[in-house]
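On a predicted model such as this, the values are computed, not experimentally measured, just so you know.
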Protein chains: 2
Amino acid sequence: MAYKEKEIEKLYYSIGEVAEIFNVAPSLIRFWESEFELIQPKKNRKGNRQFTVEDINNVRTIYHLVKEKGFTLQGAKEMLKNDTQSVKDKMEMIDSLKRIRQFLSEVRDKLH
Amino acid sequence: MAYKEKEIEKLYYSIGEVAEIFNVAPSLIRFWESEFELIQPKKNRKGNRQFTVEDINNVRTIYHLVKEKGFTLQGAKEMLKNDTQSVKDKMEMIDSLKRIRQFLSEVRDKLH
DNA sequence: GCTACGCATGGCCTACAAAGAAAAAGAAAT
DNA sequence: ATTTCTTTTTCTTTGTAGGCCATGCGTAGC
């Protein structure tokens with residue numbers, strides 16, 4: 001063959017393939033699907049899950065939070081809900097600083 | 001008394017006091033002590049735990065990771081292993097801002 | 001045969017809570 | 001002040017609810 005066959009990116013992946021990618025049991029993927037809104041693969045007429053690459057990336061996100069970073073499922077949900085806790089923490093800080101500045105300028109005005 | 005008595009910062013706090021600060025059961029503090037090297041209060045001759053302010057701040061770090069951010073204990077341990085300083089820095093910032101806000105609202109009340 | 005499905009049930013740790021004993025701290029009476 | 005009784009606080013050890021999946025069953029398409 002003259003040309004090396006190009007890797008074809010499949011449209012859909014089965015649950016078994018996805019499970020293998022992350023080296024977990026298919027039941028775990030189904031369980032996560034029941035727990036996380038983020039994971040919602042299409043199903044064909046028969047009911048089989050069809051994972052797109054994006055679906056798989058969503059699974060990857062869950063996997064990363066739960067298996068690599070060590071969040072509880074609840075903690076991972078919060079993380080996803082709030083864009084990430086650290087963002088939230090930073091916003092709280094900024095908000096706090098704004099209020100402080102506001103307050104201090106009021107004080108300055110009263111001192112005059 | 002002519003002078004307002006200064007708040008005395010205790011040298012040692014009992015496990016009950018520490019538990020109350022975080023609104024958890026004393027048994028949980030003991031359990032965390034058994035799990036995290038970070039928490040190692042001194043014990044007196046009788047075996048009672050004596051928490052310094054620093055010990056309490058270490059408990060606060062655990063509390064933050066486990067109860068607020070949603071890490072598993074294992075996840076929290078990893079976090080502490082790799083990233084102790086930045087966790088502590090952020091917590092100090094948040095704590096510092098809280099104190100400042102508290103102080104400023106006292107100032108505001110006195111101005112009225 | 002292989003892989004998928006849903007559903008139910010099973011099971012192992014994690015993350016604590018409760019139990020039980022002993023000491024300390026009040027409180028009441030002497 | 002001291003004795004006695006009660007309540008609170010601590011300790012260590014043991015128990016346990018629930019979180020996090022895994023396994024098994026019956027079924028169906030390829």
In residues 14-21 of chain B, what residues come within less than 4.0 Å of DNA chain C, judged by heavy atoms?
none
Residues that Phe71(A) engages under ring pair (Phe, Tyr, Trp, His ring centres under 6.0 Å), provided they are two or more places apart:
Phe71(B)
Taking side chain to side chain donor-acceptor pair (under 3.5 Å) as the test, write out the residues that go with Gln102(A), two or more places apart.
Glu106(A)
Between which nucleotides of DNA chain C, read 5' to 3', does contact with chain B run, using atoms under 4.0 Å from its heavy atoms?
dA15(C) to dA24(C)
Rounded to the nearest 0.5 Å, what separates atom NZ in Lys98(A) from atom CD1 in Ile100(A)?
13.0 Å
Side-chain atoms of residues 16-28 of chain B: list all donor-acceptor pairs with protein atoms under 3.5 Å, sequence neighbours left out, distances to 0.1 Å.
residue	atom	partner	partner atom	Å
Glu17(B)	OE1	Lys10(B)	NZ	3.2
Glu17(B)	OE1	Ser14(B)	N	2.8
Glu17(B)	OE2	Lys10(B)	NZ	2.4

Dump the intermediate steps for side chain to side chain contact (heavy atoms under 4.5 Å, CB included) on Thr61(B) and Asn57(B), then the final yes or no.
CA-CA 6 Å; Thr61(B) 300; Asn57(B) 282 332; 5.7 Å; no
So for atom CZ, which belongs to Arg99(A), do other residues, nucleotides or ligands contribute more than 12 heavy atoms lying within a distance under 6.0 Å?
no
Tyr13(B) OH to dT9(D) C1': how many Å, rounded?
18 Å
Strand contacts (DNA chain C) in residues 39-47 of chain A, 4.0 angstrom heavy-atom criterion
Lys43(A), Gly47(A)
Minimum heavy-atom separation for Val66(A) to Ala76(A), with atom names?
CG2-CB, 4.1 Å
Per the under-4.0 Å heavy-atom filter, residues of residues 64-75 of chain A near DNA chain C come out as none
Looking at Phe31(A) and Leu73(A), what are the two nearest heavy atoms and their distance?
CE2-CD1, 3.7 Å
Check residues 35-47 of chain B and write down every donor-acceptor pair under 3.5 Å in which the side-chain atom is one partner and the other belongs to a residue at least two apart or another chain.
residue	atom	partner	partner atom	Å
Glu35(B)	OE1	Lys77(B)	NZ	2.8
Lys42(B)	NZ	Tyr12(B)	OH	3.0
Asn44(B)	OD1	Lys46(B)	N	3.0
Asn44(B)	OD1	Gly47(B)	N	2.9
Asn44(B)	OD1	Asn48(B)	N	2.8

Among pairs that include at least one residue of residues 62-73 of chain A, which meet side-chain hydrogen bond (donor to acceptor under 3.5 Å, both in side chains), considering only residues two or more places apart or in two chains?
none
Is there a residue in residues 22-33 of chain A whose heavy atoms reach under 4.0 Å of DNA chain D, and which residues are they?
Ala25(A), Ser27(A), Leu28(A), Phe31(A), Trp32(A)
Going by side chain to side chain donor-acceptor pair (under 3.5 Å), name the residues that satisfy it together with Arg30(A), two or more places apart in sequence or in a different chain.
none
The side chain to side chain donor-acceptor pair (under 3.5 Å) partners of Thr52(B) (sequence neighbours excluded) come to Asp55(B)
